[in-house]
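Values below: all heavy atoms of this structure, side chains included; hydrogens, waters and symmetry mates excluded. Just so we're on the same page: letters track the sequence lines, and every chain starts at 1.
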Protein chains: 2
Amino acid sequence: MAIRYPNGKKYTPKRILLENNNVKHKDERFSNRGMTLEEDINETNEYYRSRKIANIHKKPLPLQIVNVHYPKRSAAVVTEAYFKKPSTTDYNGVYKGFYLDFEAKETKNKTSFPFKNFHQHQIDHMKDIISHGGCSFILMRFAKTEEVFLVKAEDFIPYYEDKTSKRKSLPKTIIEEISYPVAVGYHPRVDYLRVIDRILRLN
Amino acid sequence: MAIRYPNGKKYTPKRILLENNNVKHKDERFSNRGMTLEEDINETNEYYRSRKIANIHKKPLPLQIVNVHYPKRSAAVVTEAYFKKPSTTDYNGVYKGFYLDFEAKETKNKTSFPFKNFHQHQIDHMKDIISHGGCSFILMRFAKTEEVFLVKAEDFIPYYEDKTSKRKSLPKTIIEEISYPVAVGYHPRVDYLRVIDRILRLN
(Lines give C-alpha, C1' and ligand atoms only; values in the text may rest on other atoms or scores of the structure.)
Protein backbone atom coordinates (compact mmCIF):
# COMPACT_ATOMS: atom_id res chain seq x y z
CA MET A 1 0.00 0.00 0.00
CA ALA A 2 1.34 3.45 -0.85
CA ILE A 3 2.02 5.72 2.09
CA ARG A 4 0.21 9.01 1.70
CA TYR A 5 0.61 12.32 3.45
CA PRO A 6 -2.55 13.97 4.76
CA ASN A 7 -2.80 16.08 1.64
CA GLY A 8 -3.08 12.90 -0.43
CA LYS A 9 0.44 13.15 -1.83
CA LYS A 10 2.17 9.84 -2.10
CA TYR A 11 5.11 9.20 0.19
CA THR A 12 8.27 9.55 -1.89
CA PRO A 13 11.50 7.81 -1.03
CA LYS A 14 14.19 9.52 0.99
CA ARG A 15 16.52 10.51 -1.84
CA ILE A 16 13.79 12.45 -3.54
CA LEU A 17 12.57 13.96 -0.28
CA LEU A 18 16.06 15.20 0.46
CA GLU A 19 15.89 17.39 -2.63
CA ASN A 20 12.33 18.43 -2.09
CA ASN A 21 12.24 21.08 0.58
CA ASN A 22 8.73 22.00 -0.32
CA VAL A 23 7.33 18.70 0.92
CA LYS A 24 9.75 18.21 3.72
CA HIS A 25 10.11 21.43 5.66
CA LYS A 26 8.37 24.35 4.11
CA ASP A 27 4.80 23.11 4.24
CA GLU A 28 3.54 24.39 7.58
CA ARG A 29 1.21 21.43 7.98
CA PHE A 30 4.19 19.12 8.34
CA SER A 31 6.23 21.39 10.53
CA ASN A 32 6.46 20.31 14.12
CA ARG A 33 7.09 23.89 15.19
CA GLY A 34 9.20 23.05 18.18
CA MET A 35 7.69 19.70 19.12
CA THR A 36 10.27 17.33 20.50
CA LEU A 37 10.70 13.85 19.12
CA GLU A 38 9.27 12.52 22.38
CA GLU A 39 6.09 14.57 21.98
CA ASP A 40 5.74 13.42 18.39
CA ILE A 41 6.14 9.77 19.34
CA ASN A 42 3.71 10.09 22.23
CA GLU A 43 1.12 11.51 19.85
CA THR A 44 1.86 8.79 17.34
CA ASN A 45 1.42 6.09 19.98
CA GLU A 46 -1.85 7.68 21.05
CA TYR A 47 -2.93 7.58 17.38
CA TYR A 48 -1.98 3.89 17.18
CA ARG A 49 -3.81 3.07 20.42
CA SER A 50 -6.99 4.96 19.59
CA ARG A 51 -7.19 3.25 16.19
CA LYS A 52 -6.46 -0.18 17.69
CA ILE A 53 -3.29 -0.49 15.62
CA ALA A 54 -0.85 -1.18 18.45
CA ASN A 55 -0.40 -0.73 22.20
CA ILE A 56 2.89 1.08 22.77
CA HIS A 57 3.72 3.35 25.69
CA LYS A 58 6.54 5.50 26.93
CA LYS A 59 7.75 4.34 30.31
CA PRO A 60 7.57 6.92 33.09
CA LEU A 61 10.87 8.49 34.19
CA PRO A 62 12.32 6.45 37.02
CA LEU A 63 12.56 8.53 40.18
CA GLN A 64 14.06 7.66 43.53
CA ILE A 65 11.47 8.94 45.96
CA VAL A 66 12.96 10.07 49.27
CA ASN A 67 10.18 12.05 50.93
CA VAL A 68 6.43 12.10 50.58
CA HIS A 69 4.18 14.51 52.44
CA TYR A 70 0.60 13.46 53.17
CA PRO A 71 -1.40 16.62 53.82
CA LYS A 72 -4.88 16.25 55.33
CA ARG A 73 -7.71 16.31 52.81
CA SER A 74 -5.48 16.57 49.77
CA ALA A 75 -3.28 14.44 47.55
CA ALA A 76 0.08 13.08 48.65
CA VAL A 77 2.99 15.28 47.53
CA VAL A 78 6.43 13.96 46.72
CA THR A 79 8.71 16.58 48.28
CA GLU A 80 12.08 15.02 47.56
CA ALA A 81 13.00 12.72 44.69
CA TYR A 82 15.99 12.21 42.41
CA PHE A 83 16.22 11.19 38.78
CA LYS A 84 17.57 7.69 38.27
CA LYS A 85 19.28 6.41 35.13
CA PRO A 86 16.75 4.35 33.19
CA SER A 87 17.91 0.74 32.95
CA THR A 88 15.88 0.08 29.84
CA THR A 89 14.80 1.87 26.69
CA ASP A 90 12.03 4.46 26.71
CA TYR A 91 9.26 2.75 24.78
CA ASN A 92 7.81 -0.72 24.51
CA GLY A 93 4.64 -2.49 23.61
CA VAL A 94 2.88 -4.96 21.37
CA TYR A 95 2.09 -4.81 17.66
CA LYS A 96 0.49 -7.70 15.75
CA GLY A 97 1.75 -10.08 18.41
CA PHE A 98 5.34 -8.80 18.25
CA TYR A 99 7.18 -7.27 21.19
CA LEU A 100 8.57 -3.88 20.15
CA ASP A 101 11.16 -2.04 22.23
CA PHE A 102 12.87 1.18 21.22
CA GLU A 103 14.72 4.30 22.13
CA ALA A 104 14.18 7.72 20.55
CA LYS A 105 17.09 10.11 20.20
CA GLU A 106 17.51 13.50 18.63
CA THR A 107 20.54 15.52 17.57
CA LYS A 108 21.12 19.08 16.44
CA ASN A 109 24.11 17.91 14.42
CA LYS A 110 23.68 17.94 10.68
CA THR A 111 26.07 15.30 9.43
CA SER A 112 26.43 12.69 12.17
CA PHE A 113 24.75 11.22 15.24
CA PRO A 114 26.85 11.35 18.46
CA PHE A 115 27.38 8.03 20.25
CA LYS A 116 27.28 9.86 23.57
CA ASN A 117 23.49 9.95 23.19
CA PHE A 118 23.56 6.25 24.05
CA HIS A 119 24.62 4.47 27.23
CA GLN A 120 26.14 1.02 27.46
CA HIS A 121 23.28 -0.24 29.66
CA GLN A 122 20.79 0.72 26.95
CA ILE A 123 22.86 -1.14 24.36
CA ASP A 124 22.98 -4.18 26.68
CA HIS A 125 19.22 -3.98 27.08
CA MET A 126 18.78 -3.91 23.29
CA LYS A 127 20.96 -7.02 22.87
CA ASP A 128 18.95 -8.78 25.54
CA ILE A 129 15.66 -7.92 23.80
CA ILE A 130 17.00 -9.28 20.51
CA SER A 131 18.12 -12.50 22.24
CA HIS A 132 14.56 -13.05 23.51
CA GLY A 133 13.03 -12.61 20.07
CA GLY A 134 11.87 -9.01 20.50
CA CYS A 135 12.16 -6.29 17.89
CA SER A 136 14.62 -3.65 19.11
CA PHE A 137 15.31 -0.40 17.29
CA ILE A 138 16.19 3.27 17.54
CA LEU A 139 14.32 6.24 16.13
CA MET A 140 16.89 8.93 15.32
CA ARG A 141 15.87 12.45 14.45
CA PHE A 142 18.03 15.10 12.89
CA ALA A 143 16.35 18.11 14.42
CA LYS A 144 17.49 20.67 11.82
CA THR A 145 16.00 18.81 8.88
CA GLU A 146 13.28 17.00 10.86
CA GLU A 147 14.30 13.73 9.24
CA VAL A 148 13.61 10.58 11.23
CA PHE A 149 15.41 7.30 10.64
CA LEU A 150 14.59 3.90 12.07
CA VAL A 151 17.73 1.87 12.74
CA LYS A 152 17.44 -1.73 13.86
CA ALA A 153 19.47 -2.31 17.02
CA GLU A 154 21.41 -5.15 15.38
CA ASP A 155 22.51 -2.79 12.60
CA PHE A 156 23.50 0.00 14.98
CA ILE A 157 25.32 -1.91 17.74
CA PRO A 158 28.33 -3.07 15.65
CA TYR A 159 29.17 0.60 14.90
CA TYR A 160 28.66 1.64 18.52
CA GLU A 161 30.89 -1.14 19.78
CA ASP A 162 33.56 -0.95 17.10
CA LYS A 163 36.69 -0.51 19.24
CA THR A 164 39.04 -0.28 16.24
CA SER A 165 37.36 2.89 15.07
CA LYS A 166 37.91 6.14 16.94
CA ARG A 167 34.53 7.44 15.85
CA LYS A 168 32.56 9.43 18.40
CA SER A 169 29.54 9.61 16.18
CA LEU A 170 27.89 7.75 13.34
CA PRO A 171 28.06 9.64 10.01
CA LYS A 172 24.70 10.42 8.50
CA THR A 173 25.83 8.78 5.26
CA ILE A 174 26.12 5.46 7.11
CA ILE A 175 22.80 6.00 8.90
CA GLU A 176 21.15 6.49 5.52
CA GLU A 177 22.61 3.18 4.36
CA ILE A 178 21.68 1.06 7.37
CA SER A 179 18.35 2.64 8.30
CA TYR A 180 14.81 3.04 7.02
CA PRO A 181 13.40 6.54 6.56
CA VAL A 182 10.27 7.17 8.61
CA ALA A 183 7.44 9.13 6.99
CA VAL A 184 6.96 12.32 8.98
CA GLY A 185 3.49 13.76 8.67
CA TYR A 186 0.69 15.34 10.56
CA HIS A 187 -1.37 12.45 11.89
CA PRO A 188 0.38 10.28 12.87
CA ARG A 189 3.48 12.41 13.11
CA VAL A 190 6.14 9.70 13.05
CA ASP A 191 4.63 6.66 11.38
CA TYR A 192 7.30 4.16 12.41
CA LEU A 193 4.99 1.12 12.28
CA ARG A 194 4.98 1.37 8.48
CA VAL A 195 8.67 0.60 8.64
CA ILE A 196 8.14 -2.18 11.18
CA ASP A 197 5.72 -3.80 8.73
CA ARG A 198 8.51 -3.83 6.15
CA ILE A 199 11.06 -5.16 8.62
CA LEU A 200 8.77 -7.91 9.89
CA ARG A 201 7.54 -8.47 6.31
CA LEU A 202 3.96 -8.12 7.45
CA ASN A 203 2.70 -6.58 4.22
CA MET B 1 9.66 -31.15 33.01
CA ALA B 2 8.76 -31.54 36.67
CA ILE B 3 8.84 -28.35 38.71
CA ARG B 4 10.99 -28.76 41.78
CA TYR B 5 11.30 -26.68 44.89
CA PRO B 6 14.81 -25.71 45.99
CA ASN B 7 14.90 -28.61 48.42
CA GLY B 8 14.46 -30.99 45.50
CA LYS B 9 10.87 -31.79 46.30
CA LYS B 10 8.70 -32.11 43.27
CA TYR B 11 6.05 -29.47 42.76
CA THR B 12 2.69 -31.01 43.64
CA PRO B 13 -0.59 -29.79 42.24
CA LYS B 14 -2.73 -27.23 44.01
CA ARG B 15 -5.30 -29.54 45.59
CA ILE B 16 -2.61 -31.49 47.36
CA LEU B 17 -0.70 -28.34 48.33
CA LEU B 18 -3.81 -26.93 49.92
CA GLU B 19 -3.81 -29.80 52.41
CA ASN B 20 -0.10 -29.78 52.90
CA ASN B 21 0.80 -26.97 55.24
CA ASN B 22 4.26 -28.34 55.73
CA VAL B 23 5.30 -27.62 52.16
CA LYS B 24 3.25 -24.53 51.74
CA HIS B 25 3.69 -22.29 54.75
CA LYS B 26 5.59 -23.77 57.58
CA ASP B 27 8.95 -24.33 55.99
CA GLU B 28 10.92 -21.16 56.77
CA ARG B 29 12.87 -21.39 53.55
CA PHE B 30 9.72 -20.65 51.59
CA SER B 31 8.44 -17.96 53.85
CA ASN B 32 8.67 -14.48 52.45
CA ARG B 33 8.72 -13.03 55.94
CA GLY B 34 7.02 -9.80 55.08
CA MET B 35 8.16 -9.38 51.48
CA THR B 36 5.50 -7.82 49.35
CA LEU B 37 4.35 -9.43 46.13
CA GLU B 38 6.01 -6.57 44.25
CA GLU B 39 9.38 -7.26 45.87
CA ASP B 40 9.03 -10.96 45.11
CA ILE B 41 8.21 -10.30 41.46
CA ASN B 42 11.04 -7.82 41.09
CA GLU B 43 13.48 -10.43 42.42
CA THR B 44 11.97 -13.05 40.15
CA ASN B 45 12.35 -10.78 37.12
CA GLU B 46 15.94 -10.08 38.10
CA TYR B 47 16.49 -13.85 38.28
CA TYR B 48 14.96 -14.28 34.81
CA ARG B 49 17.07 -11.46 33.38
CA SER B 50 20.35 -12.56 34.89
CA ARG B 51 19.83 -16.10 33.57
CA LYS B 52 18.77 -14.86 30.12
CA ILE B 53 15.35 -16.44 30.52
CA ALA B 54 13.26 -13.34 29.84
CA ASN B 55 13.40 -9.56 29.89
CA ILE B 56 10.55 -8.30 32.05
CA HIS B 57 10.49 -5.06 34.05
CA LYS B 58 8.23 -3.21 36.40
CA LYS B 59 7.34 0.19 35.03
CA PRO B 60 8.28 3.15 37.20
CA LEU B 61 5.45 4.87 39.07
CA PRO B 62 4.11 7.69 36.93
CA LEU B 63 4.63 11.05 38.63
CA GLN B 64 3.49 14.49 37.60
CA ILE B 65 6.56 16.61 38.21
CA VAL B 66 5.72 20.19 39.16
CA ASN B 67 8.98 21.57 40.54
CA VAL B 68 12.61 20.66 40.11
CA HIS B 69 15.42 22.36 41.94
CA TYR B 70 18.88 22.43 40.33
CA PRO B 71 21.41 23.05 43.10
CA LYS B 72 24.95 23.99 42.09
CA ARG B 73 27.39 21.07 42.03
CA SER B 74 24.81 18.44 42.94
CA ALA B 75 22.05 16.41 41.41
CA ALA B 76 18.70 17.88 40.40
CA VAL B 77 16.04 17.42 43.10
CA VAL B 78 12.36 17.04 42.37
CA THR B 79 10.75 19.16 45.09
CA GLU B 80 7.11 18.83 44.09
CA ALA B 81 5.47 15.94 42.30
CA TYR B 82 2.16 14.11 42.47
CA PHE B 83 1.26 10.48 41.90
CA LYS B 84 -0.66 9.86 38.70
CA LYS B 85 -2.97 6.92 38.03
CA PRO B 86 -1.07 4.42 35.92
CA SER B 87 -2.78 4.02 32.54
CA THR B 88 -1.34 0.56 31.99
CA THR B 89 -0.45 -2.51 33.99
CA ASP B 90 2.67 -2.68 36.16
CA TYR B 91 4.85 -5.18 34.32
CA ASN B 92 5.68 -5.99 30.74
CA GLY B 93 8.40 -7.56 28.67
CA VAL B 94 9.42 -10.27 26.28
CA TYR B 95 9.71 -14.03 26.77
CA LYS B 96 10.56 -16.44 23.94
CA GLY B 97 9.34 -13.88 21.45
CA PHE B 98 6.02 -13.34 23.23
CA TYR B 99 4.85 -10.03 24.63
CA LEU B 100 3.86 -10.49 28.27
CA ASP B 101 1.90 -7.86 30.20
CA PHE B 102 0.58 -8.25 33.71
CA GLU B 103 -0.63 -6.77 36.92
CA ALA B 104 0.20 -8.07 40.42
CA LYS B 105 -2.35 -7.73 43.20
CA GLU B 106 -2.45 -8.87 46.77
CA THR B 107 -5.26 -9.25 49.31
CA LYS B 108 -5.45 -9.93 53.03
CA ASN B 109 -8.84 -11.55 52.51
CA LYS B 110 -8.96 -15.30 52.91
CA THR B 111 -11.87 -16.40 50.79
CA SER B 112 -12.21 -13.90 47.96
CA PHE B 113 -10.35 -11.30 45.93
CA PRO B 114 -11.94 -7.81 45.95
CA PHE B 115 -12.71 -6.29 42.55
CA LYS B 116 -11.87 -2.84 43.94
CA ASN B 117 -8.19 -3.81 43.55
CA PHE B 118 -8.71 -3.31 39.81
CA HIS B 119 -9.59 -0.20 37.83
CA GLN B 120 -11.57 -0.09 34.62
CA HIS B 121 -8.67 1.50 32.72
CA GLN B 122 -6.46 -1.46 33.65
CA ILE B 123 -9.12 -3.87 32.42
CA ASP B 124 -9.39 -1.86 29.18
CA HIS B 125 -5.62 -2.04 28.81
CA MET B 126 -5.71 -5.83 29.27
CA LYS B 127 -8.37 -6.19 26.58
CA ASP B 128 -6.31 -4.07 24.24
CA ILE B 129 -3.21 -6.19 24.85
CA ILE B 130 -5.17 -9.37 24.09
CA SER B 131 -6.52 -7.81 20.87
CA HIS B 132 -2.95 -7.17 19.70
CA GLY B 133 -1.87 -10.75 20.33
CA GLY B 134 -0.11 -10.14 23.64
CA CYS B 135 -0.34 -12.40 26.69
CA SER B 136 -2.16 -10.53 29.45
CA PHE B 137 -2.61 -11.90 32.95
CA ILE B 138 -2.87 -11.15 36.66
CA LEU B 139 -0.79 -12.53 39.50
CA MET B 140 -3.00 -12.68 42.60
CA ARG B 141 -1.59 -13.35 46.02
CA PHE B 142 -3.53 -14.28 49.11
CA ALA B 143 -1.20 -12.74 51.66
CA LYS B 144 -2.28 -14.87 54.63
CA THR B 145 -1.54 -18.18 52.95
CA GLU B 146 1.12 -16.82 50.56
CA GLU B 147 -0.58 -18.59 47.67
CA VAL B 148 -0.10 -17.04 44.24
CA PHE B 149 -2.45 -17.67 41.34
CA LEU B 150 -1.97 -16.73 37.71
CA VAL B 151 -5.25 -15.78 36.08
CA LYS B 152 -5.36 -15.07 32.36
CA ALA B 153 -7.00 -11.70 31.68
CA GLU B 154 -9.56 -13.29 29.35
CA ASP B 155 -10.67 -15.63 32.15
CA PHE B 156 -10.89 -12.85 34.76
CA ILE B 157 -12.57 -10.05 32.79
CA PRO B 158 -15.98 -11.75 32.33
CA TYR B 159 -16.34 -11.98 36.14
CA TYR B 160 -15.18 -8.40 36.65
CA GLU B 161 -17.60 -7.08 34.06
CA ASP B 162 -20.60 -9.28 34.94
CA LYS B 163 -23.27 -6.65 35.52
CA THR B 164 -25.96 -9.20 36.43
CA SER B 165 -24.01 -10.31 39.47
CA LYS B 166 -23.80 -8.08 42.52
CA ARG B 167 -20.42 -9.52 43.48
CA LYS B 168 -17.83 -7.14 44.87
CA SER B 169 -15.14 -9.78 44.88
CA LEU B 170 -14.22 -13.01 43.17
CA PRO B 171 -14.58 -16.07 45.44
CA LYS B 172 -11.37 -18.01 45.92
CA THR B 173 -13.18 -21.17 44.84
CA ILE B 174 -13.72 -19.63 41.42
CA ILE B 175 -10.15 -18.35 41.27
CA GLU B 176 -8.92 -21.88 41.93
CA GLU B 177 -11.02 -23.12 39.02
CA ILE B 178 -10.01 -20.51 36.45
CA SER B 179 -6.37 -19.97 37.44
CA TYR B 180 -3.03 -21.73 37.51
CA PRO B 181 -1.18 -22.08 40.81
CA VAL B 182 2.28 -20.48 40.76
CA ALA B 183 5.12 -22.31 42.47
CA VAL B 184 6.36 -20.13 45.31
CA GLY B 185 9.95 -20.81 46.27
CA TYR B 186 13.18 -19.22 47.24
CA HIS B 187 14.95 -18.53 43.96
CA PRO B 188 13.04 -17.54 41.96
CA ARG B 189 10.36 -16.61 44.43
CA VAL B 190 7.33 -16.52 42.15
CA ASP B 191 8.11 -18.68 39.14
CA TYR B 192 5.26 -17.50 36.93
CA LEU B 193 7.02 -18.29 33.64
CA ARG B 194 6.54 -22.01 34.34
CA VAL B 195 2.84 -21.35 34.07
CA ILE B 196 3.29 -19.19 30.97
CA ASP B 197 5.06 -22.14 29.34
CA ARG B 198 1.99 -24.26 29.99
CA ILE B 199 -0.38 -21.55 28.74
CA LEU B 200 1.63 -20.93 25.58
CA ARG B 201 2.25 -24.69 25.26
CA LEU B 202 5.96 -24.09 25.00
CA ASN B 203 6.99 -27.28 26.73
Side-chain angles (χ1 to χ4, degrees), chain A residues 45-46 48-71 74-101 124-136 193 200 202, chain B residues 45-46 48-71 74-101 124-136 193 200 202:
Chain A
N45 288 341
E46 181 51 42
Y48 291 149
R49 278 199 301 278
S50 66
R51 276 160 188 74
K52 304 276 178 199
I53 296 167
N55 189 301
I56 298 158
H57 287 268
K58 181 172 193 299
K59 292 177 206 162
L61 268 182
L63 284 174
Q64 181 70 47
I65 297 173
V66 176
N67 253 310
V68 184
H69 179 55
Y70 298 92
S74 55
V77 195
V78 174
T79 55
E80 187 182 356
Y82 298 89
F83 295 99
K84 290 199 290 188
K85 253 194 188 172
S87 57
T88 64
T89 42
D90 278 351
Y91 302 86
N92 74 357
V94 62
Y95 174 54
K96 295 181 181 174
F98 291 92
Y99 175 80
L100 304 189
D101 191 293
D124 294 340
H125 174 80
M126 291 175 193
K127 287 182 186 173
D128 204 43
I129 295 306
I130 295 167
S131 78
H132 293 299
C135 176
S136 173
L193 289 182
L200 300 173
L202 296 176
Chain B
N45 288 341
E46 182 50 42
Y48 291 149
R49 278 198 302 276
S50 65
R51 278 161 186 75
K52 304 276 178 201
I53 295 167
N55 188 301
I56 297 159
H57 287 269
K58 182 176 193 298
K59 291 176 205 162
L61 268 181
L63 284 174
Q64 181 69 49
I65 298 173
V66 176
N67 253 310
V68 184
H69 179 55
Y70 298 93
S74 57
V77 196
V78 174
T79 55
E80 187 183 355
Y82 298 88
F83 295 100
K84 289 198 290 187
K85 255 195 186 169
S87 56
T88 65
T89 42
D90 278 351
Y91 303 86
N92 73 358
V94 61
Y95 173 56
K96 296 183 181 173
F98 291 92
Y99 175 79
L100 305 190
D101 191 293
D124 293 340
H125 175 79
M126 291 176 192
K127 287 182 188 173
D128 204 43
I129 295 306
I130 296 167
S131 78
H132 293 300
C135 177
S136 172
L193 289 182
L200 301 174
L202 295 175

**Student:** Restricting to salt bridge (charged side-chain N to carboxylate O under 4.0 Å, His left out), what partner residues turn up for A:E46, sequence neighbours left out?
**Tutor:**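 Salt bridge (charged side-chain N to carboxylate O under 4.0 Å, His left out) list for A:E46, sorted by chain: A:R49.
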**Student:** Who wins among A:H57, A:Q64, A:K59 for the most heavy-atom pairs under 4.5 Å with chain B?
**Tutor:**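 Between A:H57, A:Q64, A:K59, the count favours A:H57.
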**Student:** With respect to chain A, which residue among B:A76, B:G97, B:P60 yields the maximal number of heavy-atom pairs within a distance under 4.5 Å?
**Tutor:**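 It is B:P60.
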**Student:** Looking at B:I129, B:I130, B:D101, which one forms a side chain to side chain contact (heavy atoms under 4.5 Å, CB included) with A:N55?
**Tutor:**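 Only match with A:N55 under side chain to side chain contact (heavy atoms under 4.5 Å, CB included): B:I129.
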**Student:** I'd like to know which of B:E80, B:K52, B:H69 tops the heavy-atom pair count under 4.5 Å against chain A.
**Tutor:**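 Top option by heavy-atom pairs under 4.5 Å: B:K52.
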**Student:** Given a strict heavy-atom distance threshold of 4.5 Å, which part of B:V68 is in contact with chain A: side chain, backbone, both, or neither?
**Tutor:**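 When you check distances to chain A, only side chain atoms of B:V68 fall under 4.5 Å.
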**Student:** Rounded to the nearest 0.5 Å, how far does OG of B:S74 lie from OH of A:Y82?
**Tutor:**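 It comes to 7.5 Å.
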**Student:** To the nearest 0.5 Å, tell me how far A:S131 OG sits from B:I53 CD1.
**Tutor:**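 If I round to the nearest 0.5 Å, the distance is 11.5 Å.
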**Student:** Select all residues of residues 84-91 of chain B having any heavy atom within less than 4.5 Å of some heavy atom of chain A, and report them by number, or 'none'.
**Tutor:**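 So the qualifying residues are B:S87, B:T88.
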**Student:** Side chain, backbone, both or neither: which part of B:H132 has a heavy atom under 4.5 Å from chain A?
**Tutor:**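 Both backbone and side chain.
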**Student:** If you measure from OH on A:Y99 to CG on B:N92, what distance do you get to the nearest 0.5 Å?
**Tutor:**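 Answer for the OH-CG pair, A:Y99 versus B:N92, is 5.5 Å.
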**Student:** Flag the pair B:V78 / A:I65 as yes when at least one side-chain heavy-atom distance between them is below 4.5 Å, and no otherwise.
**Tutor:**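 B:V78 does not reach A:I65 side chain to side chain.
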**Student:** Determine the option with the most heavy-atom pairs under 4.5 angstrom with chain A, choosing from B:A75, B:G93, B:C135, B:G134.
**Tutor:**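 Highest number of pairs under 4.5 Å: B:G93.
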**Student:** In the structure I gave you, are the side-chain heavy atoms of B:T79 and A:T79 within less than 4.5 Å of one another anywhere?
**Tutor:**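 Counting from C-beta outward, B:T79 and A:T79 never come under 4.5 Å.
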